[in-house]
Amino acid sequence: AVSAATATATGSAMAMESSAQAVAQPGTKEDELPAKLSHVIATKAYKNAEFLDSSLARHVRIMCELQEPSHRLKQHGVENHFLVVGSHLTMLPEERDVQIAELE
């Protein structure tokens, strides 16, 4: 049977939508599934570049940017380090002032 977990593992929203619409009944063999699922390729999410580059995976990318350098530093004997966090999504003070003025 096709489950939501199987559909999620494909890394494809289309697969999840299809599986929700065409769930096999208990006792149904996978080769008897509807033809619209036959084109869905199972892909590990962490190997799916399209997903990893999407906004849905932003938190995964951020976590990797925290964990990988920490691991690398520990391999070189660095036990403590400072982490400075910033974002390109932060608004410039001038832009913020204009937006606040527009709201008032």
Side-chain angles (χ1 to χ4, degrees):
V2 174
S3 67
T6 303
T8 302
T10 66
S12 169
M14 187 170 112
M16 185 177 289
E17 185 177 307
S18 296
S19 67
Q21 294 172 357
V23 175
Q25 297 300 317
T28 303
K29 296 179 183 174
E30 287 195 28
D31 58 347
E32 296 174 2
L33 289 175
K36 64 181 173 180
L37 291 179
S38 65
H39 68 282
V40 177
I41 299 170
T43 303
K44 297 285 187 186
Y46 62 87
K47 291 183 178 182
N48 183 339
E50 184 178 343
F51 170 72
L52 290 176
D53 289 339
S54 72
S55 61
L56 290 172
R58 183 171 186 263
H59 65 286
V60 174
R61 294 190 307 271
I62 291 170
M63 186 173 59
C64 289
E65 293 300 329
L66 299 173
Q67 293 297 317
E68 190 278 334
S70 178
H71 175 71
R72 192 168 8 115
L73 290 169
K74 285 180 183 176
Q75 286 180 321
H76 291 283
V78 177
E79 295 180 10
N80 297 303
H81 61 276
F82 287 95
L83 176 64
V84 179
V85 180
S87 176
H88 72 284
L89 301 176
T90 303
M91 187 179 292
L92 294 173
E94 297 83 19
E95 293 174 351
R96 184 183 60 243
D97 292 342
V98 169
Q99 190 175 38
I100 290 171
E102 289 174 355
L103 292 172
E104 292 175 339

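Every value quoted in this text rests on a predicted model; they were computed, and no experiment measured them. In what follows, residues are counted from 1 in the order of the sequence shown.
- The distance from the CG atom of N80 to the NZ atom of K74 is 9.5 Å, given to the nearest 0.5 Å.
- Between L52 and A45, the shortest heavy-atom distance links the atoms CG-O, 3.9 Å.
- A pairwise comparison of heavy atoms in S54 and R61 identifies O-NH1, 2.7 Å as the closest pair.
- L92 and V98 fall into different hydrophobic clusters, where Ile, Leu, Val, Met, Phe, Trp and Tyr residues are linked whenever their side-chain heavy atoms come under 4.5 Å apart, directly or through other members.
- To the nearest 0.5 angstrom, D97 atom CG is 7.0 Å from E94 atom CD.
- Counting heavy atoms of neighbouring residues, nucleotides and ligands inside a 6.0 Å radius, atom CD of Q75 exceeds 12 of them.
- Around the NE2 atom of H71, the shell of radius 6.0 Å holds no more than 12 heavy atoms that belong to other residues, nucleotides or ligands.
- For E68, the CD atom counts as densely surrounded, since its 6.0 Å shell holds more than 12 non-hydrogen atoms of other residues, nucleotides or ligands.
- Residues C64 and P69 approach most closely at O-CD, 3.8 Å, considering heavy atoms.
- Cluster membership check: L56 shares its hydrophobic cluster with V60, using side-chain heavy-atom separations under 4.5 Å among Ile, Leu, Val, Met, Phe, Trp and Tyr.
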